[in-house]
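Since the structure comes first, as structure tokens, the remarks are kept for the end.
Each chain gets a letter, A, B and so on, in the order the sequences are listed, and its residues count up from 1. Below, all heavy atoms of this structure are taken into account, side chains as well, without hydrogens, waters or symmetry copies.
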Number of protein chains: 2
Amino acid sequence: MNTLGARPVVVAKSAATAHCIECGARGRSVCNAISERDLDRLAAVAVPKRIEKGQVFIEEGEAAVDFFNITTGTAKLYKMLPDGRQQITGFAGSGHFLGLAVSDTYAFTAEAIETVDLCRFSRPKLRALLDDFPLLEKRLLETACNELVAAQEQMLLLGRKTARERVASFLASRHTETVGCGKRSERVALPMTRAEIADYLGLTIETVSRTLTRFKSEGKISLPSRDEVEIIDPHWLLGVATGEDSHAAFV
Amino acid sequence: MNTLGARPVVVAKSAATAHCIECGARGRSVCNAISERDLDRLAAVAVPKRIEKGQVFIEEGEAAVDFFNITTGTAKLYKMLPDGRQQITGFAGSGHFLGLAVSDTYAFTAEAIETVDLCRFSRPKLRALLDDFPLLEKRLLETACNELVAAQEQMLLLGRKTARERVASFLASRHTETVGCGKRSERVALPMTRAEIADYLGLTIETVSRTLTRFKSEGKISLPSRDEVEIIDPHWLLGVATGEDSHAAFV
DNA sequence: CGCACACTTGAACCCCCTCAACCCAAGTGG
DNA sequence: CCACTTGGGTTGAGGGGGTTCAAGTGTGCG
């Protein structure tokens, strides 16, 4: 749509100001609040950076000096207890804006689970940008609200759902997310390990593994590889995920 | 500070426009983004309403036509599964802004657990207000971020903490919240029932009750009445709440 | 080829849930 | 005034879903 077929005619501006125009994540992210002709303003303050797998780029408790916007790859966001128990509060993919906390320290840790490309914004520069582009602030508020809704859904999962329901919810949401990205087919990527799924769902590795093999033996999914799931029966999965009374049928 | 000792000199404007000036929740809420001389603009669109205990005023899935701001009392916000399991995602007290979801349906249900007074804003009128007072939008974003941080903390609790740690966390946060409101002393009010505490912490009534009596018999709290707790050892409670390794002492 | 790491599978255990009885304070009405 | 009801809270016994501990099984990569 907006690439118009033309190859990037490589710009009169400096190389640094070009990257926003070509950014594949722009459509998905808050950056789409800024019109194409103002993109150089954005590009001037967005510092691109590559984060290798396993690298932590936001640490809970550290001074919150920067904001980030992920362009490619996936990061896990988590909080830890002193004895090592950890809870992953979310996975951040392309277009995800990080560091929303207004507090002066980060409230969570962020670690790349595959190679991540992101843009870094310094706090004051982003603030200046927000003052010039009120639409950007509106988009941020929108984003925050959506995350809040997702967080509430996750609280329901963690507080009240069974292991089966949790894993089903996870797969179902991954599935709808995947088809939402245009990629059709029932093949869903799992860039995270079983341990990370467990820490996201409030379970143990073993329970996640057992539940997945159970679903497989029930013919609802298949596991073509370690980091892929094929959703055979999406409707059934969604039913389990939403905790539909399985026995209310004959009443 | 801002009352200046003077009794409300009851205004040249109509009675309806006066209520914001006298509102006890103003200091705590997003409304403090609007200066005193513009308060009539706010008052013109804020419709006060009383909600009796037990009454639902936001219903999950219904069209999101209004926003609310609580002035007095407490409401519980929750999500439910079809078989009746429910998860309370938060308690909203004085100054709390509700309905942030940008979606066109509410993502949760809100019910008064004691008599609640609130202000209702219609969606379009609030939007107009936001356009005229950018500071108000900033405050809303701030609020949303704070709630997001709280939600992440709650996910850690629900996903990884033991029953003891959950109850301790609950009491500790109630405690700091109470002292934050100026009310000193270690008497903490519990306007919610045991069932509601349980649904908030992802436990059962019985476990909550047992854990409380356990804390009591250990001399860390006392229970002067059904809806009050006296925090005898706040420091110890906080320790349990944050999951400090209880046995790392002698290593 | 072999090591390392992620995952799977099995068996025993335990924390919390379930079910059930009981307590207690606040009505309510005869 | 007291029997009865009602609703929230407490306490006890037993059971189960998920964890813990411990092997076993791939599988990618040097």
Please determine if a side-chain N or O atom of [X] lies less than 4.0 Å away from the OP1 or OP2 oxygen of [N].
{"X": "A:T204", "N": "D:dG18", "result": "no"}
{"X": "A:T207", "N": "D:dT19", "result": "yes"}
{"X": "B:T213", "N": "D:dT11", "result": "yes"}

Would you kindly give the [atom1]-to-[atom2] distance between [X] and [N], to the nearest whole Å?
{"X": "B:R194", "N": "C:dC24", "atom1": "CZ", "atom2": "P", "value": "15 Å"}
{"X": "A:F215", "N": "C:dT8", "atom1": "CZ", "atom2": "C1'", "value": "16 Å"}
{"X": "B:L190", "N": "D:dG9", "atom1": "CG", "atom2": "C1'", "value": "13 Å"}
{"X": "A:E196", "N": "C:dC7", "atom1": "CD", "atom2": "P", "value": "8 Å"}
{"X": "B:I205", "N": "C:dT18", "atom1": "CD1", "atom2": "P", "value": "11 Å"}
{"X": "B:E165", "N": "C:dC16", "atom1": "CD", "atom2": "C1'", "value": "14 Å"}
{"X": "B:R160", "N": "C:dC16", "atom1": "CZ", "atom2": "P", "value": "14 Å"}
{"X": "A:L201", "N": "D:dG17", "atom1": "CG", "atom2": "P", "value": "19 Å"}

I'd like to know whether the aromatic ring centres of B:F68 and B:F121 sit less than 6.0 Å apart in this structure.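 Not close enough - the centres of the two rings lie 6.0 Å or further apart.
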
Do B:F91 and B:M192 make a side-chain contact, defined as non-hydrogen atoms from C-beta onward lying under 4.5 Å apart?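 They are in contact (side-chain heavy atoms under 4.5 Å apart), so the answer is yes.
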
Applying side chain to side chain donor-acceptor pair (under 3.5 Å) between A:R50 and each of A:T72, A:T71, A:D117, report the one that passes.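 Between A:R50 and the candidates, side chain to side chain donor-acceptor pair (under 3.5 Å) is satisfied uniquely by A:D117.
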
NA contact type, A:T193, heavy-atom cut-off 4.0 Å: base, sugar-phosphate, or nothing?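 Result for A:T193 = sugar-phosphate.
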
How would you label the contact of B:L212 with the nucleic acid (heavy atoms, under 4.0 Å): base, sugar-phosphate, or nothing?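 Here B:L212 touches no strand at all.
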
Side-chain donor/acceptor of [X] to base of [N], under 3.5 Å:
{"X": "A:R164", "N": "D:dG17", "answer": "no"}
{"X": "A:R214", "N": "C:dT9", "answer": "no"}
{"X": "B:R210", "N": "D:dG12", "answer": "yes"}

If you measure only the distance, is there a donor-acceptor pair under 3.5 Å linking the side chains of A:R28 and A:S94?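 Side chains of A:R28 and A:S94: pair found under 3.5 Å.
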
Going by atom types alone, do A:K79 and A:T89 pair a side-chain donor with an acceptor below 3.5 Å?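 There is no such pair between these side chains.
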
Name the residue closer to the 5' end of DNA chain D, choosing between A:K161 and A:R226 according to the nucleotide with the nearest heavy atom.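 Looking at DNA chain D, the more 5' nearest nucleotide goes with A:K161.
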
To the side chain of B:E206, which of C:dT18, C:dT8, C:dC24 is closest?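 Minimum distance to the B:E206 side chain belongs to C:dT18.
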
